[in-house]
Every structure is written in C-alpha cells, then in structure tokens.
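Before any comments, here is the structure.
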Amino acid sequence: MPVILGLCCALALLAVAVVAIAAGRSPGLPRAVYAACLAVSMVGGGAALAQLAGGAAGGTAVVLPLGLPWLGAHFRLDGLGAFFLLVVSLADALACLYALGYAADEPEPGRILPFFPAFLAGMSLVPLADDAFTFLLSWEFMSLASWALVLKEHERGEARSAAYLYLVMAGLGTAALLLCFGLLAGPGGAYDFAAIRLRAHGGVAGVLVLVLALVGAGSKSGLVPLHAWLPPAHAAAPSHVSALMSGAMTKVAVYAAVRLLLDLAGPPAWWWGAAVMVVGAVSAVMGLLYALMEGDLKRLLACSTVENLGVIYVCLGFALGFSAAGLPAGAALALTAGLLHALNHALFKGLLFMGAGAVLHGTGGERDMDRLGGLIHRLPVTGLFVLVGAAAISALPPFNGFVSEWLLFHAILASTALPLGLLRFLAPAIGAVMALAAALAGACFVRFYGITFLGRPRGEPARRAHEIARPAQAAMGVAAALCFLLGVFPGPVVDLLGGAVGEVIGTALPAQGRQGWLSLAPTGPEAGSYDGLVLLVFIAVSGLGAAYVVHRLASDRTRRAPAWDCGFPEPSPATQYTASSFAQPLRRVFGGYAFLAREEVDMPEPGEVRPAIFRLRWRDLVWEGCYAPVEAGLALATERLNALQFLTIRRYLSLVFGALVLLLLVVATWR
C-alpha cells in the first residue's frame with residue numbers, strides 16, 4: 001500500500017536523524033547519512049510513482065492513534081499528494097546524491113546532519129496528511145528543521161538575521177494556515193479533510209479563506225510581498241539545502257495552495273482566479289527584476305525562484321477561473337501546466353543551485369559574479385550542466401521549461417471561452433506580463449551564465465577554481481538529463497499527471513499516448529501540438545548544417561587577425577562586461593520605477609589621476625513599505641513593555657488581578 005510505504009519512509013528518515021545525533025562525530029557519518037537518505041527518498045518516490053501510475057482514485061486512508069485524542073492522525077495518498085510526494089522525493093534524491101560529493105569538504109557536518117533527514121521527513125509527511133492537525137504539525141516540523149539548516153553558520157551575523165527572518169515568516173504562514181483550516185472546519189471542529197469537503201464556504205468566510213491560504217502558502221512559496229525571507233535564507237544555507245528549499249519545499253507550499261483552493265474550499269468564486277493570477281504575475285516580474293539587481297549567485301537564483309513560483313500561481317489562477325466558469329477542460333489544461341512547471345522547476349532550479357554550490361566549492365566560497373568569469377575552462381563539467389539549467393529556466397526548447405510555459409500560453413489562448421467579463425479582459429493582460437517575464441528570464445540567465453562562466457577570470461578565486469567531487473557532478477548530470485528528457489518527451493509525464501488533475505478538477509487532458517508518443521497536443525492536434533524530438537532534430541540539423549557551410553563551403557584561405565578589443569588594446573579582464581553593466585539597460589528601464597534606482601558617476605577632471613567612481617543606489621520598496629514599519633513598531637513596543645520587568649510585587653499582583661477581571665468581563669459579554 002503506497003501510503004503505508006510513504007509513512008515508513010518518513011519514519012526511516014526520522015530514525016536516520018536520531019542515529020545522526022547519537023553517532024556524534026564519527027568520520028564516515030556524513031556519507032552514511034546522505035546515502036541512507038538517498039535510498040529512502042528513492043523508495044518514497046517509487047511509492048508515489050506507483051500510486052500515480054496505478055490510477056487508484058482517492059487512495060486508501062490510514063488513521064493512527066496519534067495527535068488529538070478525538071481525531072487521531074489521518075493519512076492518505078491520493079493522486080495530488082502522490083504527485084507532490086514524487087516531486088519532493090526526486091528533489092531529495094538529487095540533493096542527497098550531490099551531498100555525497102559535497103560532504104567530504106563540508107565544515108562542521110554535525111550542525112547539519114541531524115536536521116537534514118528531519119527536513120526530508122517533514123516535507124514527505126505534508127502530502128500524506130489527511131487532516132488539518134496532522135498537516136499543520138508536519139508543516140511546522142518542516143519549517144523548524146529547515147530553519148536549523150539555515151542557521152548552520154550561526155557565527156555569522158548575516159546567517160542569524162536570515163534565520164530569524166525566515167522563522168518569523170514561517171510563523172506568520174503557519175498562523176494563517178491555522179486560521180484558514182479553522183474557517184474551513186467551522187464550529188463543528190471536523191478537521192479531517194473528508195468532513196471539510198462537505199461544508200460550503202462562501203461570503204465573507206470565502207474571502208478570508210482565499211486571503212489566509214495565499215498568505216499561508218505564499219509565505220512559504222516566496223510570493224511578493226511575502227518573499228523577503230527567501231534571498232537571505234537561500235544565501236545562508238548550504239548549497240544542497242538551498243536546492244531543496246527552492247526545488248522541494250516551495251512545491252510543498254504549492255501543494256498546500258492547490259489542496260486548499262481547488263479541493264477543500266469547494267467550488268471557487270470567479271474572482272479567486274483573478275486575484276491569484278495578479279499575485280502570480282506581479283511575483284513573476286518582480287522576482288526577475290530583483291534577480292537582475294543582484295550580483296550574488298545564490299541570491300540571484302533565490303530571486304528567480306520568486307519568478308517561477310509566480311508562473312505556477314498564474315496557472316493556478318487560470319485553473320480557478322476556468323473552474324468557476326464551468327470549463328473543466330480549460331481548468332485541467334491550466335492545472336496541468338502548473339503541476340508540470342512545479343516538476344520542471346524542481347529539476348532545473350535544483351540543478352542551478354547545485355551548480356552554484358560547485359562554483360562556491362571550487363573557488364573557495366566566492367559568490368560575487370564580478371569576481372568570477374572564465375570558469376568554463378576550469379569547471380567544464382559544471383559549466384555544461386549549468387548551461388542546460390540556464391537554458392531550461394529560460395524556457396528554451398528542447399528543454400523542459402519550454403513545455404510547461406507553452407502549456408500556460410495555451411491556457412491563456414483558451415481564455416477566450418470564459419464568459420466572465422473581467423477574467424476575459426484580464427487573461428490577455430496576464431499573457432503580456434508573462435511574455436515580459438519570459439524575456440526578462442532570458443536576459444537574467446544570459447547575464448548569470450555569461451558573467452560567471454565566460455570571458456576571462458576577474459579574480460584569483462576564479463583562476464584557481466577546480467571541479468567538485470564526482471557524486472556531485474553525477475547529481476547535476478542526472479538533473480540535466482531529466483531537464484532534457486522531459487523537454488523532448490513530455491507526453492508520458494502529462495499522462496502521469498492525469499490522475500492528480502482528474503481528482504481535483506474532475507477531468508484531465510486527453511491521453512497523449514493515443515496521439516503518438518512523440519507529440520504533445522493538450523487540446524487536440526487541430527489546436528497545435530509540440531513534437532520535442534522533431535524540434536530537436538531540426539535544431540541539430542540546422543546547427544550542424546550552418547557549421548558545415550561556414551567551415552567547409554566558405555573560403556579555405558587562412559586569415560588571421562587580432563580579436564576585436566572594443567577599443568581597449570590592453571587584454572585585461574577589467575575591460576569585460578560586469579554583472580552590473582550587463583543589467584544596466586534593463587535597470588534603467590524598470591529600476592527607476594520598481595526600486596527607485598539611481599546611478600551616480602564621479603568622473604575626474606582632465607589632468608586628475610584619481611579613478612572614476614560609479615555608485616548604484618536602489619531601494620527595496622516592498623521591505624520599506626511592508627516590513628520596516630512593522631519592525632519599527634515592534635521595536636518601539638518592546639522598548640515600552642521592557643519596563644514591565646522592573647515592577648514591584650504589588651504592581652505585578654495588581655496587573656494580574658486587572659487582567660483576570662478583564663477576561664471575566666469578556667467571557668460574560670461573549671455569552
């Protein structure tokens with residue numbers, strides 16, 4: 001039974017965590033822990049795959065005598081939970097394989113080993129939970145374990161600040177989900193999911209459910225403006241943990257949003273889709289603008305996570321809109337696009353974070369792109385795999401990112417069937433915003449790859465860089481191969497998603513296997529199809545043909561000339577583009593509005609020997625508008641309340657008596 005096997009895997013991961021604590025500082029402990037986690041993750045992924053492929057509707061429920069005495073702990077693995085468990089297990093397995101090579105040089109492994117398997121266990125339990133209490137307990141366990149991993153380098157002030165901010169945002173998200181489940185359960189307190197589905201949720205309660213679900217799931221997903229924790233936390237965590245937080249943990253948050261809004265909350269209102277679309281589109285564009293402003297490798301990748309999660313929520317918004325309009329085929333198309341992009345993002349973002357970790361490992365911790373460059377010569381294997389990840393995240397064919405975004409644009413084109421005026425007006429506008437996001441993603445990752453891997457080394461760390469260990473290279477190679485295979489042969493994966501989509505929407509896309517295993521035609525061949533292998537052959541033939549024409553049919557006379565030096569005869573790395581200069585055109589177009597970016601140039605007068613100075617100043621308006629006032633208010637309140645610890649015993653007793661009288665008055669009035 002897949003649900004029992006999934007629970008056994010979670011229990012095994014918890015046992016590995018206990019063993020890691022008991023074993024202390026054994027020399028071979030890191031490799032043993034990561035190898036055990038790899039094996040368990042593969043078994044858990046196999047259980048999820050068996051559930052998806054078997055097509056057993058609803059799954060089998062299991063109730064354990066744990067948790068609340070009158071409720072117990074309900075577990076079930078249906079199609080939706082099986083898909084997200086598969087995504088989490090796949091990302092876990094890749095991160096564990098990577099860690100087998102990363103662990104050899106990991107400083108202070110004892111700070112991470114007990115919490116790593118616990119984090120995996122928490123992420124695995126959330127899709128298995130079938131009642132609100134078990135869901136929230138697993139969610140909070142996942143959050144606390146990942147907080148401990150972010151705090152690994154606690155001696156650094158940046159890591160402590162990142163962990164504190166992450167803990168605050170995680171607490172906010174859990175509180176929102178707690179209230180959301182309270183509204184869904186109602187006064188009867190039936191917290192199991194089967195009972196929640198039987199209740200109607202409309203009016204003010206429906207508004208609150210949507211807002212609380214977006215805050216609870218969006219805070220973990222990193223949606224704007226709840227994204228503040230994401231860049232510092234990913235930068236502070238070890239690279240394989242960053243790959244998990246971005247590739248797997250954010251998908252658990254997407255699962256929560258889909259489960260709440262499309263399953264437990266009942267039939268959605270039409271404006272739910274509009275609200276989720278707008279939030280997702282704003283997050284997609286703002287995430288990329290943040291990424292274009294960043295010069296830190298891991299912070300840039302973290303900001304691009306905001307963009308990709310925005311894309312997934314746009315798909316979710318379209319699914320809600322189509323469902324409200326009574327168009328299940330359109331809802332199935334949009335939800336399939338979102339779930340497929342969730343799987344794709346887990347692969348290519350995990351690959352890119354592992355590549356960033358290989359760069360940090362090979363350069364002694366250097367993460368500033370302006371001090372890198374030329375790494376493709378020192379790290380050729382990493383450079384090749386990261387190039388695949390950069391192409392996939394930029395939605396270039398024939399890689400997997402293109403397929404899911406192609407399905408999203410099919411859903412946008414299908415929005416002409418919507419009967420509701422606002423949604424029909426909003427859909428093409430969202431399409432234009434997503435096209436802008438796709439263009440910005442391409443520019444962002446040309447900058448990321450070109451500045452980091454191409455050109456000449458700009459600093460000593462880049463000149464002495466070296467490759468990471470073979471297991472880590474193997475993990476990146478597997479992720480790159482999957483990005484390629486899912487881009488060329490997406491049909492079987494879309495068919496596999498049919499069980500999850502059908503349980504939530506009531507219908508799924510037509511079986512792609514009936515239309516030819518090479519073709520993906522989501523709404524029928526007459527509406528357009530994607531043939532990954534044909535496209536791959538076309539790219540290969542045209543590329544090789546162009547190379548043959550240039551090298552064989554052109555003049556064979558040898559011509560040698562110096563390379564174009566852009567007017568600078570000195571072959572110095574200082575004459576190359578920097579990360580800041582590459583992003584300058586886009587920063588001048590968008591940065592003045594989004595970040596109030598200002599450039600200052602201090603140019604010396606003729607005859608002066610001092611260097612010119614360029615300064616870039618920009619402001620995070622989301623932080624200043626949303627978080628800075630709250631931080632200032634809390635600081636003021638704690639300063640005022642600090643006087644309470646210096647009261648006399650009489651004043652303490654008077655304060656307790658007054659609080660008791662006030663509570664009695666509240667209870668009497670409430671009755």
Side-chain angles (χ1 to χ4, degrees), residues 156-159 161 231-232 235-236 288-303 356 359-379 383 386 390 440 443-466 559-621 623-624:
R156 294 173 50 238
E158 296 87 349
S161 299
L288 285 170
L289 292 179
Y290 275 109
L292 285 166
M293 302 293 289
E294 288 289 349
D296 182 291
L297 279 177
K298 294 183 69 176
R299 289 180 68 95
L300 182 151
L301 294 175
C303 292
V359 171
L360 267 64
H361 176 273
T363 59
E366 184 58 62
R367 62 177 70 194
D368 184 358
M369 289 194 292
D370 285 339
R371 289 183 52 80
L372 297 172
L375 292 181
I376 196 169
H377 302 291
R378 303 291 298 174
L379 283 68
V386 171
L440 291 175
C444 177
F445 283 93
V446 167
R447 171 178 178 258
F448 166 81
Y449 191 83
I451 301 298
T452 305
F453 286 92
L454 304 182
R456 301 188 186 97
R458 298 177 180 84
E460 188 59 30
R463 294 187 185 93
R464 51 181 172 80
H466 57 85
R559 291 168 293 179
R560 293 185 179 274
W564 182 48
D565 55 17
C566 304
F568 293 92
E570 177 68 25
S572 168
T575 63
Q576 300 178 128
Y577 270 88
T578 63
S580 179
S581 62
F582 190 97
Q584 185 186 61
L586 290 171
R587 185 174 65 240
R588 287 181 173 177
V589 173
F590 299 104
Y593 302 100
F595 306 109
L596 300 183
R598 296 291 181 269
E599 298 177 1
E600 300 176 3
V601 179
D602 181 11
M603 186 66 65
E605 295 293 334
E608 294 188 38
V609 295
R610 63 185 181 87
I613 299 175
F614 172 82
R615 297 185 184 91
L616 172 64
R617 304 182 188 277
W618 61 283
R619 296 162 55 187
D620 189 344
L621 299 181
W623 177 269
E624 293 180 5

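FYI, the numbering just counts along the sequence from 1. What you see is a predicted model, and the numbers here were worked out from it, not measured in a lab.
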What one should report as the nearest heavy-atom pair of Cys444 and Ala291 is SG-CB, 3.7 Å

Just to verify, what does Glu599 make a salt bridge (charged side-chain N to carboxylate O under 4.0 Å, His left out) with, not counting sequence neighbours? Arg587, Arg588

Shortest non-hydrogen contact between Ser580 and Asp370, atoms and distance: N-OD1, 4.3 Å

For Leu440, enumerate each residue passing the side-chain contact (heavy atoms from CB on, under 4.5 Å) test, keeping only those at least two apart in sequence or located in another chain. Val285, Leu288, Leu289, Leu292, Leu436, Leu586, Phe590

Applying side chain to side chain donor-acceptor pair (under 3.5 Å), name anything that partners Glu460, two or more places apart in sequence or on another chain. none

Phe595 vs Leu621 side-chain heavy atoms within contact, under 4.5 Å: no

Would a 4.5 Å heavy-atom cut-off, applied to side chains only, mark Asp602 and Phe614 as touching? no

Residues forming a salt bridge (charged side-chain N to carboxylate O under 4.0 Å, His left out) with Arg464, sequence neighbours excluded: none

Taking all non-hydrogen atoms of both residues, which atom of Pro231 and which atom of Cys303 are closest, and how far apart? CG-SG, 3.9 Å

Hits for side chain to side chain donor-acceptor pair (under 3.5 Å) against Arg299, two or more places apart or cross-chain, chain-then-number order -> Glu294

Is the backbone of Asp620 close enough, under 3.5 Å, to the side chain of Tyr290 for a donor and an acceptor to pair up by distance? no

Is there side-chain contact between Ile451 and Thr578, with at least one heavy-atom pair below 4.5 Å? no

Could you tell me which non-hydrogen atom of Ala235 sits nearest to which non-hydrogen atom of Lys298, and how far apart they are? O-NZ, 4.0 Å

Going by side-chain contact (heavy atoms from CB on, under 4.5 Å), name the residues that satisfy it together with Val609, two or more places apart in sequence or in a different chain. none

Spacing of CD belonging to Glu600 relative to CD1 belonging to Ile613, to within rounding of 0.5 Å: 10.5 Å

Answer yes or no: is there a side-chain heavy-atom contact under 4.5 Å between Leu372 and Leu297? yes

Phe448: partners by ring-ring contact (aromatic ring centres under 6.0 Å, His included), with sequence neighbours left out: Phe445

Hits for salt bridge (charged side-chain N to carboxylate O under 4.0 Å, His left out) against Arg371, two or more places apart or cross-chain, chain-then-number order -> Glu366

Show the nearest heavy-atom pair for residues Arg463 and Pro457, with the distance to one decimal. CG-CB, 3.6 Å

So do Arg598 and Arg615 actually touch side chain to side chain, heavy atoms under 4.5 Å? no

Taking side chain to side chain donor-acceptor pair (under 3.5 Å) as the definition, give me every residue that meets it alongside Glu608, ordered by chain and number, with sequence neighbours left out. Arg610

Applying side chain to side chain donor-acceptor pair (under 3.5 Å) to Arg458 and not counting sequence neighbours gives none

Listing request: all salt bridge (Lys or Arg N to Asp or Glu O under 4.0 Å) pairs with a residue in residues 443-453, at least two apart in sequence or in separate chains. none

Report yes if some heavy atom in the side chain of Asp296 is under 4.5 Å from a heavy atom in the side chain of Met369; otherwise report no. no

Can you see which heavy atom on Tyr449 is nearest to which on Gly383, and at what distance? OH-O, 2.8 Å

